[in-house]
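Below is one structure; the comments refer to it alone.
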Amino acid sequence: MELARTNNCNELDSDYIGETVVVAGWVQRTRDHGSLLFVDLRDRSGIVQLVFSTKIAEEAFKIAESLGQEDVIAVRGLIRKRPAENVNADLPTGEIEIMGEEIELLSASDTPPFLIEDGVKAGEDLRLEYRYLDLRRPEMLETVKIKHQVMQTTRKFLSDNGYWEVETPILTRSTPEGARDYLVPSRLHRGKFYALPQSPQLFKQILMASGVEKYFQIARCFRDEDLRANRQPEFTQIDIEISFPNLVDFKAEMEELIRQIFAINDIVFPNKVPSLSYQEAMDWYGSDSPDTRFGLKIRDLSAIFADSEFRVFSSTIAEGGTVRALKVKEGASFSRSQLDKLEEKVKEYGAKGLAWLAFTESEIKSPIVKFLSEEEIARLRQQLEIEQGDLVLIVASDYKTAVTSLGQLRLLLAEKLDLIPANQYNLLWIEDFPLFSYNEEEARYEAEHHPFTAPLEEDIELLEENPDQVRAAAYDLVLNGEEIGGGSLRINNKELQSKVFSLLNMSAEEAQEKFGFLLQAFEYGTPPHGGIAFGLDRIIMILSGRNSIRDVIAFPKTQRATSPMTKAPGKVSRKQLEELNLEISAEE
RNA sequence: GGGGGUGUAGCGAAGUGGCUCAACGCGCCGGCCUGUCACGCCGGAGAUCGCGGGUUCAAAUCCCGUCGCCCCCGCCA
């Protein structure tokens with residue numbers, strides 16, 4: 001490269017008029033006017049217009065004429081003020097242009113398979129196959145940059161507050177329970193496997209036993225489960241743990257970290273971050289990560305219908321279920337097919353059906369109104385403060401199904417009715433999670449968070465008799481309906497830990513087999529400790545307004561966990577398999 | 001494991017049994033053009049309609065199977 005770059009494209013403005021500069025980058029597009037030719041030159045900073053004229057530089061003009069999209073060039077030229085009528089107000093550099101004097105083609109490009117511009121229409125699989133082209137698009141480079149800034153902000157904040165960044169192994173051992181592990185066969189130990197960490201959970205607790213006191217890591221985590229729009233098989237956590245925690249101070253510190261991260265895009269949260277209990281979140285929003293940017297809360301109608309003639313309601317309640325509802329303002333005008341769509345939604349989440357009552361001017365339209373008494377309708381009107389035009393949507397079911405299906409319906413309605421205010425960011429803590437949840441299939445309790453989560457002090461006495469009523473010293477941080485972080489205080493008391501293991505139906509031997517190294521560490525003086533982990537990718541999604549986690553990871557996987565660019569996962573040679581003592585069994 | 005959506009030139013996309021039935025826009029190639037910035041004008045190339053099989057005189061279109069991608073349920077302590 002003979003021409004040495006002196007400036008980025010985007011920094012050039014009228015201050016530079018009269019200077020000769022060298023810029024370098026990619027050809028965005030050319031506009032050829034015969035003997036005058038314009039080139040939009042793009043680098044990661046932005047775009048500047050180059051002008052080539054046969055009268056100024058015959059040689060450079062000839063090269064410029066042959067340029068195509070995405071050719072990489074360096075250009076020397078004089079910065080010139082544009083004539084007033086030719087200023088481009090849409091470009092930061094629109095007041096000036098560079099009169100090209102010399103041009104060097106550094107790397108010619110084939111015609112790219114799609115246009116390198118924001119709002120690209122190409123299918124996502126093509127974008128992933130040519131990820132380097134996709135990433136050139138300004139809106140993609142922007143997320144790459146934001147992620148860098150978030151990581152820098154995180155490191156600075158935590159380091160300034162006494163946290164040490166410590167690495168933990170990527171090759172570790174499989175610990176059953178939790179997500180499916182990615183396994184790595186061992187060459188030196190026939191038939192044995194490493195596992196990639198689902199999170200550094202056990203290691204960060206051992207770091208507390210090691211005297212680190214305040215730890216963090218921007219940690220890659222691996223989970224071999226099916227993918228979603230916000231789930232990748234490998235993702236990144238901001239992982240944090242402290243010893244001798246004061247929960248109030250710790251949470252305030254974590255709030256401050258989140259504030260500083262979101263300040264990168266000028267997003268500001270109120271001084272007081274509100275809290276909801278798990279129970280409140282489920283009751284009102286049908287979710288443990290509620291979106292509180294709009295109302296439409298779930299209501300409990302069980303008291304009204306406990307003795308109803310309408311058996312669907314009363315027998316559900318008699319069997320321990322519940323009748324819950326959403327009141328949709330102005331919803332009475334929904335068409336039958338719209339209502340059918342809503343019913344499909346609740347059915348996806350296990351509800352048997354969706355009952356509805358539309359309070360129109362003249363009447364109550366509803367397939368079930370004929371089964372309801374006047375008193376029931378009067379009480380319904382009163383409790384829900386029904387006004388003309390309202391629509392009431394009702395699910396009768398077991399508690400979990402009723403609130404989760406209505407919770408999902410609530411989100412669907414918010415989208416359809418455009419209830420979510422733009423540029424609003426509702427941050428809140430969810431607390432008082434249950435320590436255990438009951439797994440019907442396996443007929444045993446499971447840890448809601450993980451088996452080292454401490455119960456709330458005041459609930460410990462309930463462990464014996466009513467384990468399902470024990471609340472955990474766990475907390476999630478939720479932003480706009482997305483769980484962005486979660487953590488807990490950990491158990492560091494041997495008796496309590498074995499109590500929890502036994503409630504989880506795990507024998508001492510089994511616990512020893514699975515987590516022995518952690519339990520042993522606890523034998524040698526482990527401070528009380530606790531921590532949190534934030535989902536870095538989800539934070540970037542919200543921060544950059546993206547709907548897909550794939551847009552905030554430089555090289556993501558498809559929904560089938562493949563990489564169209566590298567073609568991973570790929571076959572390996574027979575020799576490799578033999579070294580690992582592995583054999584691929586025949587297809588069934 | 002299950003439900004839904006989708007696949008037509010390099011990209012986006014119209015076309016749902018027949019007789020210009022493979023439109024249109026972007027991009028690409030050639031030509032013209034000194035003020036464009038989604039430049040404009042003229043001309044051109046480019047498609048085994050995801051793949052395989054079937055029905056039919058006739059299939060992008062109907063049927064069966066299969067594959068890729070996307071969304072969701074299950075799953076994700």
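Every value quoted in this text rests on a predicted model; they were computed, and no experiment measured them. Each chain gets a letter, A, B and so on, in the order its sequence line appears, and its residues count up from 1.
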*Where each residue is assigned the nucleotide of RNA chain B containing its nearest heavy atom, which of Thr111(A) and Met99(A) is assigned the position nearer the 5′ end?*
Thr111(A)

*With RNA chain B as reference, determine whether Gln559(A) or Phe452(A) sits nearer its 5' end, using the nearest nucleotide of each.*
Gln559(A)

Nucleotide [N], atom [atom2] - distance to [atom1] of [X] in whole Å:
{"X": "Leu227(A)", "N": "rC71(B)", "atom1": "CG", "atom2": "P", "value": "9 Å"}
{"X": "Glu58(A)", "N": "rU34(B)", "atom1": "CD", "atom2": "P", "value": "13 Å"}
{"X": "Lys121(A)", "N": "rG10(B)", "atom1": "NZ", "atom2": "C1'", "value": "15 Å"}
{"X": "Phe222(A)", "N": "rA77(B)", "atom1": "CZ", "atom2": "P", "value": "16 Å"}
{"X": "Gln28(A)", "N": "rG27(B)", "atom1": "CD", "atom2": "P", "value": "12 Å"}
{"X": "Glu70(A)", "N": "rC28(B)", "atom1": "CD", "atom2": "P", "value": "11 Å"}
{"X": "Leu41(A)", "N": "rU36(B)", "atom1": "CG", "atom2": "P", "value": "21 Å"}
{"X": "Lys341(A)", "N": "rC71(B)", "atom1": "NZ", "atom2": "P", "value": "20 Å"}

Among the candidates [options], find the nucleotide nearest to the side-chain atoms of [X].
{"X": "Lys55(A)", "options": "rU34(B), rC28(B), rC69(B)", "answer": "rU34(B)"}
{"X": "Glu225(A)", "options": "rU34(B), rC75(B), rG68(B)", "answer": "rC75(B)"}
{"X": "Leu115(A)", "options": "rC72(B), rC69(B), rG27(B)", "answer": "rG27(B)"}
{"X": "Asp226(A)", "options": "rC11(B), rC75(B), rU34(B)", "answer": "rC75(B)"}
{"X": "Phe38(A)", "options": "rG35(B), rC72(B), rC37(B)", "answer": "rG35(B)"}
{"X": "Arg550(A)", "options": "rC71(B), rG35(B), rC76(B)", "answer": "rC71(B)"}
{"X": "Arg80(A)", "options": "rG35(B), rC33(B), rG68(B)", "answer": "rG35(B)"}
{"X": "Asp40(A)", "options": "rA77(B), rC37(B), rC73(B)", "answer": "rC37(B)"}

*For the residue pair Phe52(A) and Phe38(A), is the inter-centroid distance of their aromatic rings smaller than 6.0 Å?*
no

Over all strands shown, is [X] touching base, sugar-phosphate only, or nothing at heavy-atom distances under 4.0 angstrom?
{"X": "Leu126(A)", "value": "sugar-phosphate"}
{"X": "Pro112(A)", "value": "nothing"}
{"X": "Glu348(A)", "value": "sugar-phosphate"}
{"X": "Phe114(A)", "value": "nothing"}
{"X": "Thr558(A)", "value": "sugar-phosphate"}
{"X": "Asp32(A)", "value": "base"}
{"X": "Glu85(A)", "value": "nothing"}
{"X": "Ser405(A)", "value": "nothing"}
{"X": "Asn86(A)", "value": "base"}

*Is there any salt bridge (charged side-chain N to carboxylate O under 4.0 Å, His left out) pair reaching into residues 499-508 of chain A, and which pairs are they, with sequence neighbours excluded?*
Glu464(A)-Lys499(A)

Go through the side-chain N and O atoms of [X] and [Y] and say whether any donor and acceptor fall under 3.5 Å apart.
{"X": "Ser45(A)", "Y": "Asp43(A)", "answer": "yes"}
{"X": "Asp537(A)", "Y": "Gln232(A)", "answer": "no"}
{"X": "Ser199(A)", "Y": "Gln237(A)", "answer": "no"}
{"X": "Glu431(A)", "Y": "Tyr475(A)", "answer": "no"}
{"X": "Gln49(A)", "Y": "Asn88(A)", "answer": "no"}

Taking OP1 and OP2 of [N], is either one under 4.0 Å from a side-chain nitrogen or oxygen of [X]?
{"X": "Ser199(A)", "N": "rA77(B)", "result": "no"}
{"X": "Arg82(A)", "N": "rG35(B)", "result": "no"}
{"X": "Ser35(A)", "N": "rU34(B)", "result": "yes"}
{"X": "Arg31(A)", "N": "rU36(B)", "result": "no"}
{"X": "Gln69(A)", "N": "rC28(B)", "result": "yes"}

Mark yes or no for a side-chain to base donor-acceptor pair under 3.5 Å between [X] and [N], with no hydrogen or angle criteria applied.
{"X": "Arg29(A)", "N": "rG27(B)", "result": "no"}
{"X": "Arg231(A)", "N": "rC76(B)", "result": "yes"}
{"X": "Asn88(A)", "N": "rC37(B)", "result": "yes"}
{"X": "Arg127(A)", "N": "rG12(B)", "result": "no"}
{"X": "Glu97(A)", "N": "rG35(B)", "result": "yes"}

*asked:* Under the criterion of centre distance below 5.5 Å and interplanar angle below 30°, is His33(A) classified as stacked on the base of rC39(B)?
replied: yes

*Distance from Leu128(A) atom CG to Glu124(A) atom CD, nearest 0.5 Å?*
5.0 Å

If I pick the [atom1] atom on [M] and the same atom on [N], what distance separates them, to the nearest angstrom?
{"N": "rC19(B)", "M": "rC49(B)", "atom1": "P", "value": "16 Å"}
{"N": "rG5(B)", "M": "rA77(B)", "atom1": "C1'", "value": "33 Å"}
{"N": "rG30(B)", "M": "rG35(B)", "atom1": "P", "value": "23 Å"}

Let's test this: given Watson-Crick or G-U wobble pairing with both distances under 3.5 Å, identify the partner of [N].
{"N": "rC62(B)", "result": "rG54(B)"}
{"N": "rU36(B)", "result": "none"}
{"N": "rG30(B)", "result": "rC42(B)"}
{"N": "rC69(B)", "result": "rG5(B)"}

*Check: Asp32(A) side chain, Gly34(A) main-chain N or O, donor-acceptor pair, under 3.5 Å*: yes

